[in-house]
Structure formats: structure tokens, C-alpha cells
S.K.: 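Can you keep this structure in mind? I'll have questions shortly.
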Number of protein chains: 2
Amino acid sequence: MNIKNSLSRVDLFNGLSSGQLDDVARIVSLRKYNNGDIVFLDGDAAVGFYMVAGGRVKVYKVSPDGKEQIMHIFGTGQPFAEVPVFAGSHYPANAEAMESSTLFFFPKKEFIRLIHENPSLAMNMLASLSQRLKHFSNLVEALSLKEVPGRLASYLLYLSDRNGSIDEFGLDITKAQLASFLGTIPETLSRIFAKMGSRELARIDGPHIVILDREGLEDLAEGESKL
Amino acid sequence: MNIKNSLSRVDLFNGLSSGQLDDVARIVSLRKYNNGDIVFLDGDAAVGFYMVAGGRVKVYKVSPDGKEQIMHIFGTGQPFAEVPVFAGSHYPANAEAMESSTLFFFPKKEFIRLIHENPSLAMNMLASLSQRLKHFSNLVEALSLKEVPGRLASYLLYLSDRNGSIDEFGLDITKAQLASFLGTIPETLSRIFAKMGSRELARIDGPHIVILDREGLEDLAEGESKL
DNA sequence: CGCTGCGTTGAGCTTCTTCAACGATCGTGG
DNA sequence: CCACGATCGTTGAAGAAGCTCAACGCAGCG
């Protein structure tokens, strides 16, 4: 069956028996969203959590004057919004589809029952939350201890690694979204890209990036040099 | 027995039977630290996690040029450094005792075994990690979307709430530490305290705070006004 | 063709940090 | 008991980083 098959490929359900996967599949429902559709808003009452079956979703906060901070971008196979399942009962941020997306929805009560009966599922969920905490801890470190050029350099190196440590790759989000993710604004990002270009650290051509000086970027990322 | 008694009072072990508490107590060891002692350093191999039995511990990151960001301050009853138990195997930050402190240490392998056998313990741990995620999400929001006066106002209001929503209370950390927690430096913090004083928002006398204008502070915290 | 969204660039300004100096408090040892 | 150094906090002046506002180029698309 289609849903069960998707679930079986996902970290969160690693090590579950076929019967246990059936139990999970039984409580899941599918939801479809178009680009820009809101999945939930900060403060909404939460009755369950989601997992990306296809597409991408951004989770973000907004300041009163409209500035947006992307906390996380989730792709296929990644669960999100688990927090209110285990602590509190409201979503602590907004979520919006960044493209046409299909999401699995897991109702809170039923899922908690499954966890009680299923230690591996609990362990997987603990691993997933811990992973998330690491991500946030990096984000805090970046926002507080690095300047924007350093954050951008880190992100470029991260993208490069994710693509197999090659020096040439494409941005998979718009620059405005990247700015929001890095905790800055498009204008600032643009200027820094320009500087990286003129310093021969990287060549930027639209969404196409070529890393020219990996060492230089690493120094920037570690705060050991400036632009 | 002393340890078991302490454990029984702690959220993480809520709902555990006496026998289960014994199981936990059996794997715990006690460690003592003086003010300023390092509990672990960023990158250290992690063989377990900790819980504060008495005293206080700060978990923090440091930038190459020495600036420090306090991620979290843990007091009695709070577990910390659980992340490497479930994801990765190295501590992702530094931890240091802020006063004479006694910590429980839980070895990773044994604790994981207990979790497997004990669904409530797993659920409690999930709740604890979720709580932590909420904390970080607030921290990210503050660092990225609020200016320092807003963060300070939030913190003062938080302290007030924690003391029963009264308008008069003491700072329980030094101003330098508070600065590090708010993602700024003592000089900046000092200037903002001075401004809050002259605007009659709060009176600051050493570590003693009196909130004079709660509404004004709330506006600041929400980014709806400036200093 | 003109609209709209994305990205870039410039000028000015705000916020925060840096650097330096100084006052107050506190514990220690002479 | 006082002097000393250390820690903590405050204040001033200057500078850096990033934001705001505004204008504009460019591509895709109805």
C-alpha cells in the first residue's frame, strides 16, 4: 500500500515491523497544499503533527513589524510540529507550503498511544527531537555569534556538502527566503553575495553558485576573517 | 534513600513506580562542582547526560573572538545535555557550574535501556525535549526578531511572572551573565537599563528590580514601542 | 504591452559593539 | 585595619554592521 510504503522509508519509522507500520498507516491522513498555503499559524490549537510526503514546508516566526525568521525548512520524509504533541497544545510558529506539497497528518492522541506501545518509535522520536535541538542550537549560535557573512558562508558550505562536497550547485530557495533563513533581509544578502564575488570567494549567477575559495569561506564561517 | 527521593520529585521521573525509580537510582552517580568548574566542553565525547540536584549550571557557546552566548541556565531538577544521548555522540555546547553544584549523571547506555522498558519515562523525556525546543524557538525569535530592549523587557516580565507576577524582585544572575543570555554585552545592557530607569519603566538598583510600568514593558517586549 | 515578483544598488540612519577610563564593592593578605 | 587587586558595573566617544527607504533592472507571464 502506498502510504505504508512511504512511511517505511522514513527515519522516524525505522525498525518498525510490518504490523506496526500498519498501525501507523491506519491513523495517518493525507493533506494537500499549494505553494503559499498555510498549514497552521502560530498559536493555533494543535491536534497532531505533520510529515512531508512530498514538497517543502517552511516553519517561521514573524515579528510585529513583519520581519520573518525561517526556523526550519522541511523536505520529504521529515516530521515537523511535534512539539505541541508532547508539550503545550498550540503550535509555536507558522508553517507554510513553499511549493505544492503533500503532508501526512498524525493525530496527537492516537500517535501517543502508538508510542506507548512501541519503544522503537519512542526512540526514533527522541532522536528526531534531539536532531532538531541540534539544529536550533546551531541557529542560535549563528544568529548570536556570527555576522551575516559568516552565516552565509556556513550555509554555502553546508549546501556544498549536501551535494557531495562539490564546488558547483544551485540554490534551492529564493534569495529572499535565504535572507529570512539567515536572519537578515534581501538587500543585505545581496550586498554580501556581491562582496563574495569580488573577493573571488564564490561566483554567484542567479541561483547558481560556484565555490572558488573554500578555505576563504571556511575562515569566514569560523569568524576568522571578515569581508 | 536520598537519591531516590530526589529523583521522585522531578518531572522527568513523574509517574514512575517505586521499583522503576530504584532502577533509575541504580545507574545514577553524583558529581560535585564548584563555581566556575567546567562540566563538559563543546565537542567532548558524551557518555551520558546530567540533571541538576542542587546549584545552577549554564550551557553556552563561545565565538572564536570570545563572545559568549548562554543558551540555557539549568536549576534544580532540570536535566540537560540529553541531546547526545539520542543524536550524535558529542556535546554540542559547553557547560559550567555557576555556583557550587551537585549533579546527577546518567550513563547513556543504561539510560537508553531504561527508556526501552519504560514508556512513561520515554514520554517524560519527549516532553522534556519538546519543552527545550520551545525554549530555543523563543530564543531564536528573540535574537532574530527583537532588539535588545525588547529582549530585556521580555526577560524582566518572565522573571516577574516566575515570582508570582509581582512587580518587585531580584536578578538571580549577574548583569554580565544576563547580557550573555540576551545575546549582547554588559555595556549595552547597562545603557538600556539606564534608559528604562529614566523612562520610568522600571527602577534598577543593583540586582533589585521594580517594575513601574508593566504595560510599557509589554509594548517593548512585543516590539510595539522603542526606547 | 504592462504587470508583478525578484533581485540589486545607493544614501542615510539606527543600533549595537569596541575601546578606554573610571567608580564601587568585596575578599585577601600584609 | 588598611591596602591591594579583582570583579562587576557604568559611562563616553567613535566606529562598524546592518536596516530602512527609494529607485531601478530584469524576467516571466497574463
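Within every chain, numbering begins at 1; the chains are lettered A, B, ... in the order of the sequence lines, protein sequences first and strands thereafter. Computed from a predicted model, the values in this text were never measured in an experiment.
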S.K.: Strictly by modelled atom types, are Ser101(A) and Lys32(A) linked by a side-chain donor-acceptor pair under 3.5 Å?
M.R.: no

S.K.: Does the protein touch nucleotides 6-12 of chain C at the base, only the backbone, or not at all? Give it as B, S and - per nucleotide, heavy atoms under 4.0 Å.
M.R.: -SSBBB-

S.K.: Which parts of nucleotides 24-30 of chain D does protein reach within less than 4.0 Å, heavy atoms only, written one letter per nucleotide 5' to 3' as B for base, S for sugar-phosphate only and - for none?
M.R.: -------

S.K.: Apply side-chain contact (heavy atoms from CB on, under 4.5 Å) to Ile173(B) and list each qualifying residue two or more places apart in sequence or on a separate chain.
M.R.: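 Checked Ile173(B) against side-chain contact (heavy atoms from CB on, under 4.5 Å); matches are Arg56(B), Ile73(B), Met98(B), Tyr155(B), Gln177(B), Leu178(B).
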
S.K.: Under the side-chain hydrogen bond (donor to acceptor under 3.5 Å, both in side chains) rule, what pairs show up with a residue in residues 218-227 of chain A, not counting sequence neighbours?
M.R.: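 Output for this query lists Glu147(A)-Lys226(A).
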
S.K.: Going by the rule salt bridge (charged side-chain N to carboxylate O under 4.0 Å, His left out), which residues pair with Arg151(A) if we only count those two or more places apart in sequence or in a different chain?
M.R.: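 For Arg151(A), no residue satisfies salt bridge (charged side-chain N to carboxylate O under 4.0 Å, His left out) once neighbours in sequence are set aside.
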
S.K.: What do the steps show when you test Lys58(A) against Glu68(A) for salt bridge (charged side-chain N to carboxylate O under 4.0 Å, His left out), and what is the final call?
M.R.: CA-CA 11 Å; Lys58(A) 70 174 177 185; Glu68(A) 177 183 304; 3.0 Å; yes

S.K.: Does anything in residues 220-227 of chain B come within less than 4.0 Å of DNA chain D? Heavy atoms only, and list the residues if so.
M.R.: none

S.K.: State which residues pass side-chain contact (heavy atoms from CB on, under 4.5 Å) with Ala194(B); sequence neighbours excluded, sorted by chain then number.
M.R.: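 Expected list: none.
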
S.K.: Looking at residues at least two apart in the chain, or sitting in another chain, which of them share a side-chain contact (heavy atoms from CB on, under 4.5 Å) with Glu141(B)?
M.R.: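 Residues passing side-chain contact (heavy atoms from CB on, under 4.5 Å) with Glu141(B): Lys61(A), Asn138(B), Leu145(B).
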
S.K.: What's the CD1-C1' distance between Ile185(A) and dA17(D), to the nearest Å?
M.R.: 11 Å

S.K.: Could you give the side-chain donor-acceptor pairs of residues 161-171 of chain B under 3.5 Å, partners two or more places apart or in another chain?
M.R.:
residue, atom, partner, partner atom, Å
Arg162(B), NH2, Asp172(B), OD2, 2.9
Asn163(B), ND2, Leu159(B), O, 2.6
Asp167(B), OD1, Arg214(B), NH2, 2.8
Glu168(B), OE2, His208(B), NE2, 3.1

S.K.: Below 6.0 angstrom between ring centroids: does that apply to Phe80(B) and Phe104(B)?
M.R.: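 Aromatic pair excluded; centres sit 6.0 Å or further apart.
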
S.K.: Do Tyr50(A) and Phe106(A) have their ring centres less than 6.0 Å from each other?
M.R.: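 Centroid separation for Tyr50(A) and Phe106(A): 6.0 Å or greater.
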
S.K.: Check the distance between dG5(C)'s C1' and Asn35(A)'s CG and give it to me in whole angstrom.
M.R.: 12 Å

S.K.: Under the side-chain contact (heavy atoms from CB on, under 4.5 Å) test, which residues partner Pro107(B), sequence neighbours left out?
M.R.: Ile27(B), Phe105(B), Glu110(B)

S.K.: Contacts to DNA chain D from residues 140-157 of chain A, heavy-atom cutoff under 4.0 Å, which residues?
M.R.: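 The answer is Glu147(A), Val148(A), Pro149(A).
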
S.K.: Measure the distance from CG on Asp205(B) to P on dC8(D) and round it to the nearest whole Å.
M.R.: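 In whole Å, dC8(D) P lies 19 Å from Asp205(B) CG.
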
S.K.: For Arg199(A), does the CZ atom sit with more than 12 other heavy atoms under 6.0 Å from it, leaving out its own atoms?
M.R.: yes

S.K.: Output the rounded distance in Å from NZ (Lys67(A)) to C1' (dT14(C)).
M.R.: 14 Å

S.K.: Checking Lys175(A) now: which residues fulfil salt bridge (charged side-chain N to carboxylate O under 4.0 Å, His left out) with it, not counting sequence neighbours?
M.R.: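 For Lys175(A) there are no salt bridge (charged side-chain N to carboxylate O under 4.0 Å, His left out) partners, ignoring immediate neighbours.
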
